[in-house]
Amino acid sequence: MSSPDSAQRSRPVKAGVVAAMLAVGFLGAACTVRPLYSDAVAPGATAPMAAQLASVSVKPVETRQAQEVRNHLIFLLGRGQGNPDAGAYTLKLAVTSYSTAAAVVQVSTTTQSPTSSLLTMSASYTLTDSVTGAVIATGRRQVSSAYDVPTQQFAALRSQRDAENRAARELAELLHLAVAQDLSRGG
């Protein structure tokens with residue numbers, strides 16, 4: 001049998017458990033979890049996510065690396081449909097890249113040449129509403145891509161170009177996800 005003292009001690013514990021369950025219930029009612037790319041229209045949104053992403057127009061860029069990022073991003077946003085002429089949203093990109101030697105091997109007694117490099121590509125973006133001109137989001141994403149640097153000059157240039165193309169594809173995927181998240185929050 002339980003004593004009256006143990007019954008009184010269990011009351012605060014039961015009250016705490018009930019309070020915690022109520023708090024979880026209220027929080028659960030306020031928060032919802034749904035897939036980012038769901039076909040359902042999110043509360044406060046005017047269209048499904050796929051339609052919102054397809055209505056993002058990516059502005060032209062200047063450099064070859066930026067053009068690679070832009071091309072991949074347009075393909076991902078529009079699911080292969082291309083860049084919309086007059087989209088509901090406008091995305092402005094600024095892409096930069098640089099390479100650093102990652103490993104140096106002594107080839108002769110007097111010279112050392114890099115045998116491996118690391119390309120770092122980053123993009124800053126601004127997502128705006130095309131109608132109002134209001135900035136919806138800004139952000140920055142960065143990727144790195146390692147590549148070998150052989151002694152032949154053409155092979156070294158081709159290796160760097162391949163690393164730039166890999167980094168551009170990865171950066172476009174990161175930007176695609178970032179724009180989707182930004183649109184789900186406030187688009």
Side-chain angles (χ1 to χ4, degrees), residues 34-38 48-107 111-130 133-187:
R34 64 186 170 280
L36 183 60
Y37 299 112
S38 172
M49 182 55 64
Q52 287 184 21
L53 289 172
S55 69
V56 174
S57 176
V58 183
K59 287 189 172 186
V61 291
E62 303 277 327
T63 64
R64 191 197 77 77
Q65 294 95 347
Q67 188 64 43
E68 285 288 326
V69 172
R70 181 179 184 263
N71 288 347
H72 289 295
L73 186 58
I74 288 171
F75 183 81
L76 291 170
L77 290 171
R79 296 185 177 185
Q81 298 297 316
N83 199 30
D85 291 331
Y89 305 101
T90 304
L91 186 71
K92 182 179 177 185
L93 290 175
V95 178
T96 59
S97 67
Y98 62 91
S99 291
T100 56
V104 176
V105 174
Q106 186 171 351
V107 177
T111 63
Q112 291 185 342
S113 61
T115 58
S116 179
S117 287
L118 185 65
L119 176 103
T120 303
M121 187 177 288
S122 60
S124 298
Y125 71 93
T126 304
L127 181 66
T128 59
D129 188 323
S130 296
V135 174
I136 295 172
T138 60
R140 180 178 169 87
R141 299 294 183 270
Q142 179 174 310
V143 296
S144 295
S145 180
Y147 63 98
D148 290 332
V149 182
T151 56
Q152 293 180 336
Q153 186 177 7
F154 177 76
L157 290 173
R158 186 69 244 177
S159 181
Q160 182 177 2
R161 174 75 53 97
D162 290 344
E164 289 171 354
N165 293 343
R166 276 193 317 273
R169 280 192 305 274
E170 291 177 25
L171 191 56
E173 290 173 7
L174 288 176
L175 291 168
H176 176 246
L177 181 60
V179 168
Q181 290 173 334
D182 293 336
L183 287 175
S184 71
R185 284 189 209 121

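Heads up: numbering here begins at 1 and tracks the sequence. In this text, all values refer to a predicted model and were calculated from it rather than measured experimentally.
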Considering all heavy atoms, the nearest [X]-[Y] contact:
X: A88; Y: D129; value: O-OD1, 3.6 Å
X: V95; Y: A123; value: CG2-CB, 4.0 Å
X: A167; Y: V143; value: O-CG2, 3.5 Å
X: A156; Y: V149; value: CB-CG1, 4.0 Å
X: S130; Y: T90; value: OG-OG1, 2.7 Å

First locate atom [atom1] of [X], then atom [atom2] of [Y], and finally report the distance between them rounded to the nearest 0.5 Å.
X: Q65; Y: N165; atom1: CD; atom2: CG; value: 9.0 Å
X: R140; Y: Y125; atom1: CZ; atom2: OH; value: 12.0 Å
X: L91; Y: S57; atom1: CG; atom2: OG; value: 9.0 Å
X: Y98; Y: S122; atom1: OH; atom2: OG; value: 7.0 Å
X: L93; Y: S124; atom1: CG; atom2: OG; value: 9.0 Å
X: D182; Y: L175; atom1: CG; atom2: CG; value: 10.0 Å

task: Could you walk me through whether M121 and T96 pass the side chain to side chain contact (heavy atoms under 4.5 Å, CB included) test, one step at a time?
output: CA-CA 6 Å; M121 187 177 288; T96 59; over 6 Å; no

(message) Apply side chain to side chain contact (heavy atoms under 4.5 Å, CB included) to residues R169 and E68 and explain how you reach the verdict.
(response) CA-CA 7 Å; R169 280 192 305 274; E68 285 288 326; 6.0 Å; no

Q181 backbone acceptor or donor facing S184 side chain under 3.5 Å = yes

Donor-acceptor pair, side chain of R141 and main chain of A172, under 3.5 angstrom
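No; judged by distance alone, with no hydrogens or angles, the pair does not exist.
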
Donor on one side chain, acceptor on other, S117 and S99, under 3.5 Å =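 No - no donor-acceptor pair under 3.5 Å links their side chains.
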
_Checking L127 against L183 for the side chain to side chain contact (heavy atoms under 4.5 Å, CB included) test, could you report, in this order, the C-alpha distance in whole Å, the side-chain angles of both residues, the deciding distance, and whether it holds?_
CA-CA 9 Å; L127 181 66; L183 287 175; 3.9 Å; yes

A side-chain contact here means heavy atoms from C-beta on lying under 4.5 Å apart; do [X] and [Y] qualify?
X: L53; Y: V179; answer: yes
X: T128; Y: K92; answer: no
X: S55; Y: Y89; answer: yes
X: R70; Y: K59; answer: no

Please determine if D162 and R158 form a salt bridge, counting it only when a charged side-chain N lies under 4.0 Å from a carboxylate O.
yes

Go through the steps for Y147 and R166 under the test side chain to side chain contact (heavy atoms under 4.5 Å, CB included), then give the verdict. CA-CA 10 Å; Y147 63 98; R166 276 193 317 273; 4.2 Å; yes

Exactly one of I74, L73, V56 clears side-chain contact (heavy atoms from CB on, under 4.5 Å) with H176, and that residue is L73

Does the side chain to side chain donor-acceptor pair (under 3.5 Å) test come out yes or no for T138 and T126, once each step is laid out? CA-CA 4 Å; T138 60; T126 304; 5.9 Å; no

